[in-house]
Each structure stands twice: as structure tokens, then as C-alpha cells.
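Notes for the one structure printed next.
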There are 2 protein chains.
Amino acid sequence: MTRPSPGPRERLLTAGQHLFYARGVAVGVDALLKEAKVARRSLYEHFGGKDGLVAAVLHRAAEEDLAWYDAALAAEDEPRERLLGLFDRLDELIANDDFRGCRYFASDVALDDPDHPAHAETEAFRRRLRERLIRELEEMDHADPERAANQLHLLIEGTLVMGATQDERQPARAARDLAALVLGGGGA
Amino acid sequence: MTRPSPGPRERLLTAGQHLFYARGVAVGVDALLKEAKVARRSLYEHFGGKDGLVAAVLHRAAEEDLAWYDAALAAEDEPRERLLGLFDRLDELIANDDFRGCRYFASDVALDDPDHPAHAETEAFRRRLRERLIRELEEMDHADPERAANQLHLLIEGTLVMGATQDERQPARAARDLAALVLGGGGA
DNA sequence: GTCCAGATAGACCGATCATTCTACTTGAAG
DNA sequence: CTTCAAGTAGAATGATCGGTCTATCTGGAC
């Protein structure tokens with residue numbers, strides 16, 4: 001009912017989410033319009049330009065990715081198992097053929113203008129991800145949640161980089177073992 | 001004596017090393033020529049094109065960076081202290097104002113053509129870096145050098161990403177603490 | 001002095017880029 | 001039936017891109 005075939009705005013967001021990730025934010029407007037099956041004018045009416053679409057796509061992707069993290073964390077009962085299970089989900093994510101690394105870091109690197117609206121979106125994503133890590137660590141009464149969150153965040157980003165550059169080395173597993181050390185207690 | 005002012009080839013490499021890092025490999029040829037104070041024709045005579053210069057710059061940067069890693073490792077006596085000291089050097093590196101993350105990962109992300117010669121250079125760099133980590137780990141009789149090298153490599157890449165995106169959080173220190181756990185033994 | 005390789009300076013080309021614009025279609029409201 | 005907003009299709013624009021080309025200059029080798 002609420003989806004009598006998505007409108008141009010929705011199709012542009014979907015196409016951007018796919019192409020900006022698969023081919024980078026430097027992908028041409030023509031390719032976006034073709035994949036979204038949308039008229040050129042619609043892009044500028046809805047998003048003001050390509051930069052606006054990039055920011056909007058990152059905003060939507062952040063919502064979905066954070067929901068993905070929430071779902072991954074909700075899959076276990078104990079906070080410690082939840083955080084460790086996160087790296088099992090990352091392992092599956094990396095194994096996907098279309099995995100290309102961290103969307104947000106790639107956008108930051110590609111857009112050298114520090115005032116580009118995309119940077120605010122990537123920064124917000126990282127802040128919200130860190131909030132979730134701290135929440136979990138506090139819930140398990142970790143001695144130093146801030147420090148541990150920094151370490152877990154570093155392990156996540158490192159896993160994504162290693163997964164994008166050399167996938168046969170099972171980086172998520174290496175990161176999981178390190179995460180277990182960060183969280184203390186049993187090794188598995 | 002051996003430097004009666006560097007020729008166009010050398011100036012192009014220097015300019016590329018600077019600009020490809022500071023503004024990304026997507027930087028225009030005109031900017032490169034201007035910074036190198038070199039005629040347009042020289043670029044194509046010496047490197048065949050922009051792609052050739054990108055690959056040549058990555059090759060030279062890899063040599064210098066590996067020398068940097070060697071120097072960092074040579075600063076201490078015990079293999080364990082050497083590897084830990086590496087993260088102290090990374091801490092200083094990140095603190096630099098012009099630090100912009102990992103040059104090789106940024107190049108890989110920016111060049112979506114999988115056949116671009118730059119990818120071979122970045123892959124070679126990572127392989128050689130990993131060889132050094134394994135060498136150190138073997139020298140300190142680590143139980144599982146391969147696995148530990150993967151973990152240390154992941155910590156290094158994670159440190160560079162975190163340093164590029166949020167520098168006030170002292171990622172190198174967090175990584176050093178994790179590295180100490182990887183290496184076993186005393187905590188500091 | 002002559003010659004020539006190598007460098008410089010800069011016009012030029014075709015392709016591609018993001019953006020703007022005009023003209024036409026569609027579908028629902030009044 | 002008319003109206004009007006929203007969408008489509010695609011030409012046109014100006015800028016920028018990497019790459020090619022011509023013309024000129026410079027500094028040794030001979």
C-alpha cells in the first residue's frame with residue numbers, strides 16, 4: 001500500500017546507495033540517472049545537485065548500517081557475547097563478493113573538500129557507532145568503556161580495511177580474538 | 001655533487017608524492033606540472049602518462065615507507081620492544097598536521113579499475129610490510145607468527161584509519177596496548 | 001660552428017563532467 | 001474539459017580532464 005512503486009526520489013537514493021559504494025562517489029551523474037531510471041531534472045529538484053544526493057545517501061546508509069549493528073548486537077544475550085558476535089557478522093559481511101570496504105571512510109577520502117556535507121554524515125555515523133559500543137561496554141560493567149570503545153572501533157575499522165585489501169586472511173577472526181582480550185575474561 | 005638540481009623526472013616524482021597524498025590521486029595533471037615546474041611533455045616521455053606516474057610514485061613511496069618501518073624497528077633492541085615501539089612512531093606520525101591516512105589504501109579506493117598498475121604496488125607494499133612483521137615475530141620465537149602478523153597488520157591499518165578520521169582519540173596508544181596483548185608477556 | 005637530444009611553453013583535441021534549460025507527457029484535482 | 005504540478009527526455013553549456021601536438025630554447029658532444 002505504502003509502495004505503489006517508488007518515486008524518483010526513492011529510486012535515486014537506491015541507485016546512489018549502490019553505485020556510490022560499488023564505484024565510488026566519483027561515479028558520473030549519467031550512470032546514476034540511468035540506474036535509477038530518472039530524469040536529470042528530478043535529481044536537481046529533489047537533492048539540489050550531486051553533492052546533496054551523496055549526503056542523503058550517506059544519511060540513509062548510516063541509518064541502515066546502524067540498524068545492522070543493532071541487529072547484530074541483539075542476536076546474543078550477554079553484552080560480552082554480543083560484542084564478540086559482532087565480529088562474526090563482520091566476517092560474513094567481508095566474505096561477500098561485493099564487499100568493498102567502509103563506505104564512510106571511502107567517501108571521506110574521495111571528497112577532499114573539508115566543507116562537503118558528506119563529512120558531517122560520516123562523522124555522525126562514527127559517533128553513533130561509538131555510542132553503541134560504549135553502551136554495551138557500560139552494560140557489561142567494563143572498567144574503562146571509553147578506552148575499550150576506542151579499541152573496538154579501531155578493530156572494526158581495521159577489519160574492514162583488511163577485508164577490502166586481502167580477504168583470504170580472515171581479518172574478522174583475528175579482530176575477534178583481539179576483541180576478546182579487550183573485553184577480558186574467557187578467550188573464546 | 002650527485003645533485004646538480006634534480007631533473008624533471010625527479011621533480012615529478014616529488015610533486016606526485018606530495019600531491020597524490022595531500023589531494024588524492026584524482027588530482028589534475030595541470031596541478032602536478034605546476035608544482036613540479038615541468039613541461040607537459042616531460043610527464044609523458046618519462047612515465048607514459050598519469051597512470052604511470054601514479055604507479056612510480058607509489059613504488060618510491062613504498063621504498064621510503066618500508067625504510068621508515070625498518071628505522072622504527074631498528075630503534076630498539078628486543079624484538080618485542082621493537083614492535084611495540086612501532087606504534088609509538090605511528091603515534092608521532094598521526095600527530096602530524098598533514099597526516100591524511102594510509103596512502104596505499106586511499107589509492108586502492110580511488111582507482112576502481114582493478115587492472116590499474118597502482119594496485120600491484122600497493123599489494124607489494126603490504127606483502128613486504130607483512131614480511132617484516134613475520135620476521136620480527138619469528139625472531140622473538142612467537143608461537144604463531146602468521147596469525148600474530150595478521151593481527152599486528154590489522155592494528156596498524158586500524159590506527160591509520162582512526163588517526164585520519166578522529167585524531168584526538170590517540171588510536172596509536174590503543175593499538176599499542178592491543179599489540180602488547182598479541183605479543184604476550186608484560187603489559188607495558 | 002653544427003647538431004641533436006631533452007627540456008620548456010602552451011595551443012589544441014576529444015571526452016567527460018555537473019549543471020541548466022526547453023519541450024513534451026502524465027495524472028489527478030477542481 | 002481545464003489546470004497544474006511533477007516527471008520524462010534530451011539538447012546545450014561551460015568547465016575540466018588526460019593526452020597529443022607544434023614551436024622554441026638550451027647545453028653539451030663532436
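This is a predicted model, so every value here is computed, not measured. Here is how names work: the chains are called A, B, and so on, in the same order as the sequence lines, proteins then strands, and each is numbered from 1.
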B/D51 CG - D/dC17 P separation (whole Å): 15 Å
Candidate nucleotides C/dA18, C/dA7, D/dG7, ranked by approach to the side chain of A/V29 - the nearest: C/dA18
Transitive ILVMFWY side-chain link A/L181 to B/L152, under 4.5 Å: yes
Ring geometry between A/F125 and A/Y104 (parallel below 30°, tilted from 30 to 60°, perpendicular above 60°): parallel
First of A/R40 and B/G7 reached from the 5' end of DNA chain C, by closest nucleotide: B/G7
Main-chain N/O of B/A72 paired with B/R89 side-chain donor or acceptor, under 3.5 Å: no
Integer-rounded Å distance: D/dA9 P and A/L43 CG: 15 Å
Spacing of B/L32 atom CG relative to C/dT8 atom P, expressed in whole Å: 14 Å
Phosphate OP1/OP2 of C/dT8 contacted by B/S42 side-chain N/O (<4.0 Å): yes
hbond_proxy A/R41 side chain to C/dT20 base (donor-acceptor, 3.5 Å cutoff): no
Among D/dG19, C/dA9, C/dA18, the one nearest B/A39 by side-chain distance: C/dA9
Value in whole Å for how far the C1' atom of C/dT20 lies from CG of A/L33: 14 Å
Interatomic distance, B/D30 CG vs D/dT16 P [rounded to whole Å]: 10 Å
Selection from C/dT19, C/dT8, D/dG19 that lies nearest to any side-chain heavy atom of A/Y44: C/dT19
Between C/dA5 (P) and B/H46 (NE2): distance, integer Å: 15 Å
Atom pair distance, as rounded to whole Å: CZ in A/F47 and C1' in C/dT20: 19 Å
Value in whole Å for how far the P atom of D/dT20 lies from CD of B/E45: 11 Å
Working for side chain to side chain donor-acceptor pair (under 3.5 Å), residues A/R173 and B/N150: CA-CA 10 Å; A/R173 190 178 289 222; B/N150 290 345; over 6 Å; no
B/R60 (side chain) donor-acceptor with B/A55 (main chain) under 3.5 angstrom: no
Touch class at under 4.0 angstrom, heavy-atom based, for A/R11 against every strand present: sugar-phosphate
